[in-house]
Each structure stands twice: as structure tokens, then as C-alpha cells.
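Have a look at the structure below, then the notes.
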Amino acid sequence: MRSDMSKVIVERPRSGGRGLRKGRRPRDPDDFRKQVGLHRAAVEADSWKELNENLAPLRRYLHSQVGRPWDKVWSEICANLRPSSAVQQHVRDHVFDFVARDVTVRDGEFYLAGCFLRPAATLRESWYELWIDPRTGILRRNRHYRTYRQRSRERQRRREALVRRRMVSAGENRQYHLLQDGAWWEVALKKVPTYYQDRRTRYGPPRRVAVEREVHDAVLDANLSDLPRAVLYDRRGVYAASKRQLSKKETKRLGLR
């Protein structure tokens, strides 16, 4: 393990700030407030700073140790990162963002140790890239691990498959829906009218936001669906202006059955 791992990970400029000078921002002479705290000044100036840690070297090192006994890997980490240093202890804490250490075996399935706020979860459902085999103490790669992007794509594919079962788009403002009565309906959509109003914020001036007006949805008013409008039409900002039940001949012609 690199002896300067703590410097590589932590010593990098923090992101944010947008180049503003340190301290309080210049105040308007007509501002009625006599004093502004640093926290409020940062919020009003939108000058937040965030940690900018580079965890890639630590991640690469841990992946290169797959197949080795975890006790030896942890000994190397402890030899280079001392708990007496706040910065180096911070890097040691990040090790277990990648490695699942409290793993148990039940009925041939690997589980992570739970707590009183969170029940035990399976390793295959976790976000850990690596894990310590409780039977041998060997560091192993989680073959079920998926990145955030991969998980998002899988969720998107499942959602689209569920939508296709109950709804078919026939244009920008026309859809065919399989509703709760078991029949297919043709639904004409319209945009929900909006108006603007000022809303107060915790700090700073009010913001103008768009607010949707109340509308009468032809499908929801007839109790033909329990889904929220955005889920039902797979779009935001539209409602059913009218509906028409399709005949068996139309349903067959459109390939809906």
C-alpha cells in the first residue's frame, strides 16, 4: 500500500465556492439587517464548499488485494494509516465503504449484519464491491455488485416493461390504457394550466414558482385508476380531458390483446 495514501485521497482542493472571496459577502447599504452570520451568508451567496476526496487509489488498492487473507491486508493498511491522525483515520473509515466485514451465512445465503434500525440484508442486494468471507477470512469480490448507473438502467427497464402492459402511446396527446374495469380506453391528454406565485425561502428573496391549477381528470374522476396522474400517464403536467372505451374490434385491430 502507498505510504502517502492519506495525502492522495484527502489533500485535494474542495469543490464549490465559485471563486468568491472568503468571509461575508458585501451587503446592500439599504439592507435592514444589522448582522449576517457566516452560514446564512454562504447560503444566500450560493457559495457552498464540499469535500472533494479522490477515493480511486484506495478502491484500486483494495481490488488488487482480492484473494488475500483480510488480516494481512488490514495489517498493511494499519502500517501506513495511523488512527492517531485524524486525516489518516478518515481514510481508514473509507475502507469499509467498499468492504463488507460483518457477513454471516444462513441457509447458503450471505447476509450483512443488521442493527436495530435496519434489518439484515443479503450481500447480493448491497452496495459493497468487496466482502470478507466469514468461512475463510479471504477478501472476495461481490459478483452481484452493480454500479449506480447499472441499477438505474435496470429499474428503468423494469418500469418501462410494467408501463407497456397497461398503456400504449398513440401520439403526443393520445394514449390507450388498460384500466381497472378490464377494458381498453382511448384517452385524450391536455396540458395542466399553471400560474405563478411567489414563495418565501428560508434565506434570501422569494422565488417565483409554477403552480398547477385544479383540473377534472376524466379517468381519475370515474374511479378507473388509483395511480397518481404522473404515473398513470407516464408524464408530468398532463391530464385526461376525455376518454372513450374501445370496442373488441378496435382492440384487436390495434394489437392490444
Side-chain angles (χ1 to χ4, degrees), residues 43-44 46 48 50 109 111-112 114-129 142-257:
V43 174
E44 292 181 356
D46 193 18
W48 290 102
E50 300 176 349
E109 184 71 48
Y111 287 86
L112 305 178
C115 62
F116 69 99
L117 292 178
R118 182 185 61 190
T122 60
L123 179 66
R124 66 174 66 244
E125 298 171 348
S126 72
W127 295 86
Y128 289 103
E129 302 179 29
N142 183 7
R143 58 189 179 88
H144 301 289
Y145 170 75
R146 297 291 184 273
T147 65
Y148 177 80
R149 182 173 296 180
Q150 289 173 333
R151 289 173 181 260
S152 297
R153 288 176 178 172
E154 290 175 1
R155 286 195 300 268
Q156 180 69 13
R157 285 195 293 267
R158 289 195 297 267
R159 189 190 67 82
E160 291 176 351
L162 290 174
V163 170
R164 284 196 298 268
R165 294 179 185 176
R166 60 170 179 82
M167 189 266 287
V168 176
S169 178
E172 183 178 359
N173 296 316
R174 192 168 300 277
Q175 296 175 347
Y176 300 117
H177 286 263
L178 178 62
L179 299 178
Q180 287 182 350
D181 61 348
W184 281 91
W185 294 74
E186 181 183 21
V187 178
L189 303 178
K190 284 188 178 180
K191 290 186 178 180
V192 178
T194 59
Y195 65 95
Y196 289 89
Q197 70 176 18
D198 294 333
R199 286 189 180 174
R200 296 184 60 184
T201 57
R202 185 177 180 184
Y203 302 125
R207 295 186 297 110
R208 290 186 63 80
V209 296
V211 181
E212 293 185 347
R213 297 186 182 275
E214 178 133 6
V215 295
H216 295 286
D217 191 286
V219 174
L220 299 181
D221 290 350
N223 296 323
L224 290 173
S225 178
D226 296 329
L227 297 175
R229 220 166 43 211
V231 177
L232 178 62
Y233 307 121
D234 199 29
R235 288 168 54 188
R236 292 184 179 275
V238 295
Y239 72 101
S242 63
K243 67 182 187 306
R244 182 180 67 86
Q245 185 173 352
L246 298 177
S247 64
K248 293 183 179 180
K249 184 181 295 186
E250 289 177 308
T251 302
K252 184 177 181 179
R253 178 173 56 82
L254 294 171
L256 300 177
R257 285 194 182 275

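Hydrogens, waters and symmetry mates play no part in the numbers below; they use all other heavy atoms, side chains included.
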*Measure from NZ or CZ of Arg151 to the centre of the six-membered ring of Trp127 and say whether it is under 6.0 Å with the direction within 45° of the ring axis.*
yes
*Regarding Gln156 and Glu160, is there a side-chain donor-to-acceptor distance under 3.5 Å anywhere?*
yes
*Looking only at side chains, do Ser152 and Arg155 share a donor and an acceptor under 3.5 Å apart?*
yes
*State plainly whether the residues Glu186 and Arg174 are in salt-bridge range, i.e. N to O under 4.0 Å.*
yes
*Taking only Lys NZ, Arg NE, NH1 and NH2, and the carboxylate oxygens of Asp or Glu, determine whether Arg159 and Glu154 approach each other closer than 4.0 Å.*
no
In Å, rounded to the nearest 0.5 Å, how long is the span from [atom1] of [X] to [atom2] of [Y]?
| X | Y | atom1 | atom2 | answer |
| --- | --- | --- | --- | --- |
| Arg213 | Tyr195 | CZ | OH | 6.5 Å |
| Leu254 | Lys249 | CG | NZ | 13.0 Å |
| Lys252 | Glu250 | NZ | CD | 14.0 Å |

*When you look at His216 and Tyr239, which way does the ring pair (Phe, Tyr, Trp, His ring centres under 6.0 Å) test go after all the steps?*
CA-CA 8 Å; His216 295 286; Tyr239 72 101; 9.2 Å; no
For a quick test of reading the model, state the closest non-hydrogen atom pair linking [X] to [Y] and the distance between them.
| X | Y | value |
| --- | --- | --- |
| Asp181 | Ala183 | OD1-N, 3.1 Å |
| Ser169 | Gly171 | OG-O, 3.2 Å |
| Ser126 | Leu112 | CB-CD1, 3.5 Å |
| Val168 | Arg164 | CG2-O, 4.5 Å |
| Arg208 | Tyr196 | NH2-CB, 3.2 Å |

_Checking Leu224 against Lys243 for the side chain to side chain contact (heavy atoms under 4.5 Å, CB included) test, could you report, in this order, the C-alpha distance in whole Å, the side-chain angles of both residues, the deciding distance, and whether it holds?_
CA-CA 11 Å; Leu224 290 173; Lys243 67 182 187 306; 3.7 Å; yes
*pair Leu220-Leu232: side-chain heavy atoms closer than 4.5 Å*: yes
*Is the shortest heavy-atom distance from the side chain of Val211 to the side chain of Arg199 under 4.5 Å?*
yes
*May I have the step-by-step check of side chain to side chain contact (heavy atoms under 4.5 Å, CB included) for Tyr176 and Leu256, ending in yes or no?*
CA-CA 9 Å; Tyr176 300 117; Leu256 300 177; 4.1 Å; yes
Check: [X] side chain, [Y] main-chain N or O, donor-acceptor pair, under 3.5 Å:
| X | Y | value |
| --- | --- | --- |
| Arg153 | Tyr148 | no |
| Asn142 | Tyr128 | yes |
| Asp198 | Pro206 | no |

*Evaluate whether atom CD of Gln150 has more than 12 neighbouring non-hydrogen atoms of other residues, nucleotides or ligands under 6.0 angstrom away.*
yes
*For residues 219-229, which residue pairs qualify under salt bridge (Lys or Arg N to Asp or Glu O under 4.0 Å), counting only residues two or more places apart or in two chains?*
Glu212-Arg229
*Apply side chain to side chain contact (heavy atoms under 4.5 Å, CB included) to Gln180 and Arg166, showing your working.*
CA-CA 10 Å; Gln180 287 182 350; Arg166 60 170 179 82; over 6 Å; no
*Mind running side chain to side chain contact (heavy atoms under 4.5 Å, CB included) on Leu189 and Gln175 for me, showing each step along the way?*
CA-CA 8 Å; Leu189 303 178; Gln175 296 175 347; 3.6 Å; yes
*Only one of Val219, Leu246, Leu179, Leu178 clears side-chain contact (heavy atoms from CB on, under 4.5 Å) with Trp185; which?*
Leu179
*Relative to each other, are the rings of His177 and Tyr233 parallel, tilted or perpendicular (30° and 60° limits)?*
perpendicular
